[in-house]
Amino acid sequence: MKQIFDGKIYEVLPKSDGIIFPYQKAVIDDGDVVWYKMLSFENSTMSDVSEMVFWNIKFGGNYSAALKLSQNFVCLKSIILPNGRLFLCDENGQVYIIDSDGLINIAGELKYRDELPTSIALYKNSIWASFADTNVLIRFNINTLRVELRIGGKSSPFNKPKNIFVENNFAYVCNFGSNNIVKVDLDNYSVDEVYTFEEGVHSYVKSGKYEFALLDSGLYLL
């Protein structure tokens, strides 16, 4: 495990040939100055990039419509859907679906027992969301936002789940409360632990053959 950045990072997004993340450049008058870094696998360099580069990775071609919904676009949860559509969940749990032509539709709310999701991901045309206080993963119907399935609860493999990353049929869930990452098979719902750390884990992503984890102390290449 190798640390590659030790500053404050807000989220980590994978791209085809690396990762990109917003980070705290400075604090002025109690407000964060946010800049963006990109790690490129091609030349193994990390460099600052523009907001627009970040917007394109996070929101795709509909970034201008997404930015109209929230001034705090870093905290706006997003999934780029097939056919140029965009699924967004704001800080209040309100869900928006943006069509390929930029038309914004209000779809409803993404909540579980009045709790807001900590992370969202797409698998087989369903939305999966993690909820830290109830220690569950919930599968929602993407059209109606109704609950279809729950994993976890009182007896749960999750402990303050903070982030979900889906690859193939597996969801990698970061348990902030137990400092580990578990892998959930989204076809048979089996759960296996894959990583354990000595500090809180905030998020996990894969890009190609490389794996990254954002811990309390910074961003690491696993």
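Predicted model, so just to flag it, every value in this text is computed and none were measured. Hydrogens, waters and symmetry mates play no part in the numbers below; they use all other heavy atoms, side chains included.
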Q. After noting the C-alpha distance and the side-chain angles of F21 and L219, does the key distance pass the side chain to side chain contact (heavy atoms under 4.5 Å, CB included) rule?
A. CA-CA 10 Å; F21 55 89; L219 180 62; 3.8 Å; yes

Q. Just by distance, do the side chain of Q3 and the backbone of S217 share a donor-acceptor pair under 3.5 Å?
A. yes

Q. So, N175 versus N180: side-chain donor-acceptor pair below 3.5 Å or not?
A. yes

Q: Kindly determine whether F54 and V34 satisfy side chain to side chain contact (heavy atoms under 4.5 Å, CB included), including the steps that lead there.
A: CA-CA 12 Å; F54 175 75; V34 179; over 6 Å; no

**Q.** Rounded distance (nearest 0.5 Å) linking atom CD1 of I79 with atom CD1 of I127
**A.** 3.5 Å

Q. Is a side-chain N or O of N188 found less than 3.5 angstrom from the main chain of S190, in a donor-acceptor match?
A. yes

Q: Quick one: closest heavy-atom pair of S130 and L137, and the distance?
A: CB-CD1, 4.0 Å

Q. Can you list the residues that meet the ring pair (Phe, Tyr, Trp, His ring centres under 6.0 Å) rule with F197, with sequence neighbours excluded?
A. none

Q | Residues Y123, D187; criterion side chain to side chain contact (heavy atoms under 4.5 Å, CB included); working and verdict | A | CA-CA 10 Å; Y123 180 65; D187 290 334; 2.8 Å; yes

Q) Atom CG of L88 and atom CG of L76: how far apart are they, to the nearest 0.5 Å? A) 5.0 Å

Q | Test item: I4 and F212 side chains (from C-beta on) under 4.5 Å apart, heavy atoms | A | yes

(Q) Is there a side chain to side chain contact (heavy atoms under 4.5 Å, CB included) between D216 and H202? Walk through the geometry before answering. (A) CA-CA 7 Å; D216 282 340; H202 296 266; 2.7 Å; yes

(Q) Quick check on W35: does its CH2 atom have over 12 non-hydrogen neighbours (other residues, nucleotides or ligands) under 6.0 Å away? (A) no

Q.
With a 6.0 Å cut-off (strictly less than), is the heavy-atom count around CG of N43, excluding the residue itself, greater than 12?
A. yes

**Q.** Any donor-acceptor N or O pair under 3.5 Å, side chains N169, D185
**A.** yes

Q) Is the closest side-chain heavy-atom distance between F5 and L39 below 4.5 Å? A) no

Q. Can a salt bridge be assigned to the pair D133 and K160 using a cut-off of 4.0 Å between side-chain N and carboxylate O?
A. yes

(Q) Take a 6.0 Å sphere around CE of M1 and say whether it holds more than 12 heavy atoms from other residues, nucleotides or ligands. (A) yes

Q | Option from R150, R113, E115 for which side-chain hydrogen bond (donor to acceptor under 3.5 Å, both in side chains) with T134 holds | A | E115

Q) Backbone N or O of G108 within a donor-acceptor pair of the Q94 side chain at under 3.5 Å? A) yes

Q. Is there a side-chain contact between I142 and L122, using heavy atoms and a 4.5 Å cut-off?
A. yes

(Q) Using a strict threshold of under 4.0 Å (side-chain N to carboxylate O), is an ion pair present between R85 and D99? (A) no

Q.
Whether the side chain of K58 engages the backbone of V74 through a donor-acceptor N/O pair (distance < 3.5 Å, no angle test) should be reported.
A. yes

Q: From the options Y220, F176, Y172, select the one residue that forms a ring pair (Phe, Tyr, Trp, His ring centres under 6.0 Å) with Y204.
A: Y172

Q) With a 4.5 Å heavy-atom cut-off, do I181 and C174 have their side chains touching? A) yes

Q. Any side-chain heavy atom of Y10 within less than 4.5 Å of one from Q24?
A. yes

Q) Rounded to the nearest 0.5 Å, what separation is found between the CD1 atom of I98 and the CG atom of L81? A) 10.0 Å

Q. When rounded to the nearest 0.5 angstrom, what is the spacing between CZ in R146 and CZ in F140?
A. 13.0 Å

Q: Return yes if some donor-acceptor pair links the side-chain N/O of N62 with the main-chain N/O of A65 below 3.5 Å, else return no.
A: no

(Q) Any heavy-atom pair between the side chains of P22 and E11 that's under 4.5 Å? (A) yes

Q. Do you know the tightest heavy-atom contact between P117 and A129?
A. CB-CB, 4.0 Å

Q | Polar contact flag, side-chain donor to acceptor under 3.5 angstrom, S40-T45 | A | no

Q | Close side-chain approach of N135 to P161, heavy-atom, < 4.5 Å | A | yes

Q: Could you label the plane-to-plane angle of the Y189 and W128 rings as parallel, tilted or perpendicular, counting under 30° as parallel and over 60° as perpendicular?
A: tilted

Q. Is K15 salt-bridged to D17, going by a charged N under 4.0 Å from an acidic O?
A. yes

Q | Validation row: E109, V95 side chains within 4.5 angstrom (heavy atoms) | A | no

Q. In Å, rounded to the nearest 0.5 Å, how long is the span from CG of D32 to NZ of K25?
A. 13.5 Å

